[in-house]
Amino acid sequence: SATVSAGWRRAVEGLLVAALAALFLQSVMFRQGTFVYLFHKASTGAWIDEGARVVAGEVPYRDFQDRVGPGILYLNAALLRLFGDRLAVFAWAGVAVGALLTGAVHAVSGAIVPGRWRLAPPALFAVLVYPRFDLGHPKWPALLLALCAVLIVLHGRGRPRWMAAGGAAA
């Protein structure tokens with residue numbers, strides 16, 4: 001049917017947008033496969049260091065203090081455990097999160113912005129907003145969950161079960 005093919009086209013377009021964002025972000029952060037992006041030393045270093053401290057067995061709020069909830073510390077620790085104790089791990093995770101966020105921005109803009117203008121918000125996000133902020137920061141997973149919540153609510157169109165799922169994602 002026409003709506004199924006339009007839905008598939010939009011999904012393929014979203015995957016293409018996310019892939020293009022990943023290629024762009026990879027080109028910003030790496031040169032010939034070598035990580036070159038300079039972290040913001042005051043904040044990104046703290047997020048990475050605290051993840052490494054969790055890997056080493058320290059417990060947040062007992063052994064060290066932080067101003068945010070422990071979720072990002074354990075997420076960063078999981079990245080270090082899974083992929084090794086290297087800064088490039090966070091750069092590759094940053095590329096992946098940036099691509100996911102750009103895809104989510106595309107999905108939201110596709111639901112509310114008419115025509116080809118739907119491509120402007122994800123392009124602006126990938127080029128102007130995302131690359132200049134800290135990797136490993138809690139705002140990125142939080143923004144991804146918030147965008148997922150918006151998408152769930154848009155999809156649910158007032159149905160209580162979908163509204164509850166959107167609230168849970170937020």
Side-chain angles (χ1 to χ4, degrees), residues 1-22 24-25 43-44 46-48 50-51 53-55 58-62 64-83 89-90 92-170:
S1 84
T3 56
V4 171
S5 68
W8 278 105
R9 272 195 308 262
R10 189 61 52 91
V12 169
E13 180 181 281
L15 290 172
L16 182 61
V17 165
L20 289 171
F24 171 76
L25 293 170
S43 57
T44 298
W47 307 121
I48 294 170
E50 290 168 347
R53 292 175 79 173
V54 169
V55 169
E58 293 186 42
V59 177
Y61 314 108
R62 182 191 74 190
F64 62 91
Q65 296 299 313
D66 198 341
R67 65 184 189 276
V68 299
I72 193 66
L73 306 178
Y74 288 103
L75 178 63
N76 288 341
L79 288 171
L80 289 170
R81 281 191 184 119
L82 287 170
F83 301 109
V89 167
F90 291 95
W92 284 111
V95 169
V97 170
L100 286 170
L101 280 165
T102 303
V105 169
H106 173 267
V108 170
S109 69
I112 59 177
V113 178
R116 292 193 175 145
W117 286 104
R118 72 185 178 282
L119 299 173
L124 292 171
F125 177 82
V127 173
L128 298 178
V129 176
Y130 187 74
R132 56 184 293 267
F133 286 106
D134 300 341
L135 300 170
H137 194 283
K139 70 180 153 228
W140 300 124
L143 180 58
L144 186 59
L145 287 172
L147 287 169
C148 287
V150 170
L151 286 168
I152 291 168
V153 169
L154 286 170
H155 179 74
R157 306 221 191 278
R159 295 182 295 224
R161 189 173 292 167
W162 285 98
M163 297 297 118

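Note: hydrogens, waters and symmetry copies are ignored here, and every other heavy atom, side chains too, is used.
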Using 30° and 60° as the class boundaries, would you call the ring planes of Trp140 and Phe125 parallel, tilted or perpendicular? perpendicular
Which atom of Pro138 lies closest to which atom of Val68, heavy atoms considered: CG-CG1, 4.1 Å
Determine whether Asn76 and Ile48 satisfy the following criterion, side chain to side chain contact (heavy atoms under 4.5 Å, CB included), listing intermediate values before the conclusion. CA-CA 7 Å; Asn76 288 341; Ile48 294 170; 5.6 Å; no
Smallest heavy-atom separation, Ala22 atom then Val95 atom, equals O-CG1, 3.6 Å
Value for CG (Leu119) from CD (Glu13), rounded to nearest 0.5 Å, stands at 5.0 Å
Between CD1 on residue Ile112 and CH2 on residue Trp117, distance to nearest 0.5 Å: 15.0 Å
Closest non-hydrogen atoms of Phe90 and Leu80, given as atom of the first, atom of the second and distance, are CE1-CD2, 3.5 Å
Carefully, step by step, assess Leu73 and Arg53 under the rule side chain to side chain contact (heavy atoms under 4.5 Å, CB included). CA-CA 9 Å; Leu73 306 178; Arg53 292 175 79 173; over 6 Å; no
Between Ala77 and Val55, which heavy-atom pair has the shortest distance, and what is it? O-CG2, 3.4 Å
Can you tell me how far NE2 of His106 sits from CZ of Arg10, rounded to the nearest 0.5 angstrom? 6.0 Å
So with a 6.0 Å cut-off around CZ of Arg161, is the heavy-atom count from everything else above 12? no
Close side-chain approach of Asp66 to Pro60, heavy-atom, < 4.5 Å: no
Which atom pair, heavy atoms only, marks the closest approach of Pro122 to Val17? CB-CG1, 3.9 Å
From Thr102 OG1 over to Tyr130 OH, what is the distance, rounded to the nearest 0.5 angstrom? 8.5 Å
Could you tell me whether a side-chain N or O of Glu58 sits under 3.5 Å from a main-chain N or O of Val54, the two making a donor and an acceptor? no
Taking every non-hydrogen atom, the tightest pair across Pro141 and Leu75: CG-CD2, 3.9 Å
